[in-house]
Amino acid sequence: MPPLRFADISWPTAGRYWLTNARVPVCLLSEVPPTLLPADLEGVVGADLLIDNGKLARIVPSGRTRDEGIPRFDLGYRQVWPTLIDIHTHLDKGHTVERGPNIDGTFHNARLAAVADRPNWTAEDLHRRMDFGLRCAYAHGVSAIRSHIDTYDETLDRSWRVVREMREEWRGRIDLQAVSLCPIGLLEDEFGDRVAATVAKSGGLLGGVTRSSAGDHGGPLGNLDALLDRLFALAGRHDLDVDLHVDETHDPAAATLPYVARAAMRHGYKGRVVCGHCCSLAMQPLSEIDRTLDLLAEAEIAIVTLPTVNMYLQDRTKGRTPRWRGVTVVHEMLKRGIRVAAAGDNCRDSFYAYGDHDVVDTFRQAVRILHLDHPLGGAPALVGSSPALIGNFADHGRLAAGAPARFIVFNARTINEVVSRPQADRVIIERGARLYAEMPEYSELWEEQSAASELAATS
Ligand SMILES: [Zn+2]
């Protein structure tokens, strides 16, 4: 008999039970009772967790619970995290890597490949790929996702109808938010009114890319202030929050972030705007970075860094080894009190050839790419409590007494152990019960279904 993995052990089936000897990062607790402190050098505390009818009823220091006749399950000092949040994804592009490959891995050709594949996005195709992505995420312990949705004349009605369907189908398992995505210049005319109305009807956010509609990110458009005024006016009309793709390039001339911050303040949108990427900020002179960070802090703009995709797309030239990791100035932002989250972005498409909708993987790579370590203690917040606050995801990304008992239990005692191994050996708890969710098979996505069924028939 092969040895049991941690994930294979039997789990309590009672409605009410204690999980004892858990280890919990302080940064993932919504409140930190003083009795739980002090934390260890990784910012982790020992805790016993009372599960009661699907809720996390109590969080108390380890070893302080009396035997009250309630079943106890000893976790042996393993890490317990809340289920996590992927606050920047592209579920509608996901898993198109085979039929729409990026010929050289550059941003430029990623965009062209995505445009070329878009005619294939029937409602059935979108549903199949988005559902595949959501099932991957769910099995990994992701319970809240924000997805940007390519929103053009030909995709607006179809894609957003599928979004509304997916939100309903996944309600209670994954909290799904959607953001419209197109070059902001396209929102100038009547199309902008239709986009904002559709987004409002779908409970989404208004978004866009602050580059020109013709090409890659670069110097700000001459009429950028006017375009942003139009976007914020549309958002204000429907009371929509805003989430933009900003300056996703190495080119320091791409400096649209200050324009966004000033527009947010002009329109009374303090604290309601998220900007993703902001790569080129890292390539600008220190004095300019400082000025922009001041504006971000003043406008209370939250930043989402996409480290895996930035490292993949940025600084890529054929035959030349990359020198730059592609990420924005996360440490400097955190020091200013600017909210920052890390997220997965693209998954198996022309913008990023890899990925599995696993925020734990994003976290592990973010630690390495962004140096979110020494100490490690604050790093889990970037995929937990920070995106919970940024995206108003109640009951996700943080452990809170009274909230649904949704956890990831790692076969790891320390954050170092979480970061060091791929963490395939983890248990997901869904409202107090062990979740048995299978990763979907890639063969579901194959155009030729016969190959998959032949394999199934012979096994
Ligand atoms: Zn993106």
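Order of appearance sets the numbers: ligands from 1, and atoms from 1 within every ligand.
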> What distance separates T328 OG1 from L257 CG, expressed to the nearest 0.5 Å?
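Those atoms lie 7.5 Å apart.
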
> From the Zn ion (ligand 1) out to just under 2.8 Å, does an N/O/S atom of D345 turn up?
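True for D345.
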
> Taking both backbone and side-chain atoms into account, decide whether H245 has an N/O/S atom under 2.8 Å from the Zn ion (ligand 1).
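Yes, H245 qualifies, because one of its backbone or side-chain N, O or S atoms lies under 2.8 Å.
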
> Which atom, among the N/O/S set of H88, is closest to the Zn ion (ligand 1)?
NE2

> Please determine whether H90 has a backbone or side-chain N, O or S atom lying under 2.8 Å from the Zn ion (ligand 1).
yes

> Measure from the ring center of W81 to the ring center of F407 and say whether it is less than 6.0 Å.
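No, the ring of W81 stays outside the 6.0 Å limit from the ring of F407, centre to centre.
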
> Can a donor-acceptor pair be found between the side chains of H90 and D345 at a distance below 3.5 Å?
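On atom types as modelled, these side chains qualify, holding a pair under 3.5 Å.
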
> What do you reckon, are the aromatic ring centroids of F107 and F351 less than 6.0 Å apart?
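Distance test on ring centres: under 6.0 Å, yes.
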
